[in-house]
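First up is the structure itself, then whatever we jot down about it.
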2 protein chains.
Amino acid sequence: MYRPEIKVLDCTIRDGGLMNNWYFSDEFVTAVYRALSAAGVDYMEMGYMSSESAFSRDENGPWKFCRDEDIRRVVGDEPSEMKLSAMVDIGRIEYENIPPKSESLLSMIRVACYIHQMDAAIAIAEHCIDKGYETTIQLMAVSKAMERDIDEALDDVSKSRLPVLYVVDSFGAMYCEQVERLAKKYIAALPGKTIGFHGHNNQQLAFANTIEAIIHGCNYVDGTMYGIGRGTGNCPLELLISFLKNPKFDPRPIYNAVQKQMIPLREKIEWGFHVPYLITGMLNEHPRSAMKFMDASVRGEFVDFYNQMADATTLE
Amino acid sequence: MYRPEIKVLDCTIRDGGLMNNWYFSDEFVTAVYRALSAAGVDYMEMGYMSSESAFSRDENGPWKFCRDEDIRRVVGDEPSEMKLSAMVDIGRIEYENIPPKSESLLSMIRVACYIHQMDAAIAIAEHCIDKGYETTIQLMAVSKAMERDIDEALDDVSKSRLPVLYVVDSFGAMYCEQVERLAKKYIAALPGKTIGFHGHNNQQLAFANTIEAIIHGCNYVDGTMYGIGRGTGNCPLELLISFLKNPKFDPRPIYNAVQKQMIPLREKIEWGFHVPYLITGMLNEHPRSAMKFMDASVRGEFVDFYNQMADATTLE
């Protein structure tokens, strides 16, 4: 699929950091940065930008905060066309802690929000625009939102200066038909704006759903190397870059970084497909119960987990 | 997706046996059989039916041959609505080695063939029909076939008594659009016949492509527990059964068998997603080169493998 408008964003450090509290070594982050840059990836998300009043430095590595001095240390002085981004969560960042673009190595701030936070998300996104950044909003957990509320959120976005809104499959619950429907809905509601897609791999559909989103007009797509991310992880970047036919992309640096960085890391922290994540995805539930199941010192029975989750879902 | 016509076939033993020369213990095969039966799976493929003149008993376990006494030993006497199948390869079975249905526990013989073998495949399939079996043909490697040859093969099938033809993505090379196109093409060419789909997971698309095939009218779909199969493996049955909403299916016995049988087996034999399989899939090549790479005592560089494969493909 060669469509010059398509932009690929890697969130290996940001989403992968959910698995190790963002304690990646500088060498690791530098290796990821260099591989992404050499592969022609458009954006690298360095982590979350958070206020130090919201999270402790004692419990979180540097990529929970994305201070400029940390970024500068790992990206070095080599020129790169790749842009850097950071994600902010509503209520975890004070406006005054976001530096103006002119004082930052970041080019883009992405705002993650739930549907009831859309007003706050638009406000912080427009604040970031005013500070000189490219900006997107990731509307999370839309698979649990009521249609009336999605319509209202899209209406709010349409009246805002936000340029990019993502369809986000937070729970890995969507099949191709849901992706198609939401992509078409967002595009129809937001003429002149760009739509993105961010998937999760609970049902081994993150890559397939990303293709589906691209087919139906989404132009910002996210991946992570070797699919690293919370629980079952994200769309594997090596698949996405191999699929896209834009000659600016070269998959080889990604293959190499998967072999040299990600496979050794996978020996230390576990992510990827497991039946409990499939179960929460299929039931359209947050993966937290599956993560708790997987983290138990003695893992229980998959069938008991399914029964508990299916009962809980029925009773909701 | 609740469509009563949809039939699910498990080929854990047949396709998984490519990884261990069909040396599964009787206890393992019995556990798989019981789980599939309890889950409401329509067909269990017990293995290949081969002539002993084609393969040695010294180098292959019982499921390369599928003799009735072996099947009888593992399925026991419990009644089950699940039907049993075996696959035959052209040239690896003599007609006289196929017992009549009345003397066999098998209900279905599936014939695997390449496109130049279609005449031979139809002949053996009709022979099996005459012996009392349900029959399908798996037309392999169709992603490498020329359109003119596919048309001719479909024309031959249309004039035969074959009831079921499969779209087979042998190399894990297809994206959703290829699956849609081939499913529609087969259906249009074969009125009154049933179309199936068998995927491979090189690009983590086996499940997604199976959904796509179902959406576009394929009614026979294959899976294996935990995706076991050659190289990167097949469509994971636990995903497929969780997706299908036909109330006759119960995913819990599958979850349990994945936990009790497949995860321990995965410690002994390796299958699943790896970059070399992605590379052969993306390049629409047989996975044999990737398997050789993976089996080497010292694995080489992914990038070197990609360069070799990409060059070989270019030169073909």
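A, B, ... follow the sequence lines: proteins, then strands. Residue 1 opens every chain. This structure is a prediction, so every number in the text was calculated from the model and none was measured.
The side-chain heavy atoms of I215(A) and C176(B), taken from C-beta on, include a pair separated by under 4.5 Å. At least one side-chain heavy atom of L205(A) sits less than 4.5 Å from a side-chain heavy atom of I211(B). F273(A) has its side chain within reach of E238(B): a pair of non-hydrogen atoms, C-beta onward, lies under 4.5 Å apart. Between F207(B) and L278(A), the closest side-chain pair of non-hydrogen atoms is not below 4.5 Å.
Looking at F305(A), there are no atoms closer than 4.5 Å to chain B (heavy atoms on both sides), in backbone or side chain. Only the side chain of N307(B) comes within less than 4.5 Å of a heavy atom in chain A; its backbone stays farther off. Residue I254(B): no heavy atom, backbone or side chain, is found under 4.5 Å from chain A. With a threshold of 4.5 angstrom between heavy atoms, Y175(A) approaches chain B through side-chain atoms but not through N, CA, C or O. Both the backbone and the side chain of Y255(B) come within contact range of chain A, judged by heavy atoms closer than 4.5 Å. In this structure, the portion of P251(B) lying under 4.5 Å from any heavy atom of chain A is its side chain and not its backbone.
The local environment of CD in E81(B) is sparse, with at most 12 non-hydrogen atoms from other residues, nucleotides or ligands closer than 6.0 Å. Within a 6.0 Å radius of NZ in K248(A), other residues, nucleotides and ligands contribute more than 12 heavy atoms.
For L239(B) against N202(A), the heavy-atom pair with the smallest separation is CD2-O, 4.3 Å. Counting all heavy atoms, side chain and backbone alike, V303(A) lies closest to R252(B) at CG2-O, 3.3 Å.
Most heavy-atom pairs under 4.5 Å with chain A: of the set P253(B), G281(B), S242(B), A208(B), this distinction falls to S242(B). Contacts with chain B were tallied for R299(A), K260(A), Q203(A); Q203(A) has the most, counting heavy-atom pairs under 4.5 Å. Interface check for chain B: of the options Q259(A), M282(A), E301(A), H274(A), the most heavy-atom pairs under 4.5 Å are formed by Q259(A).
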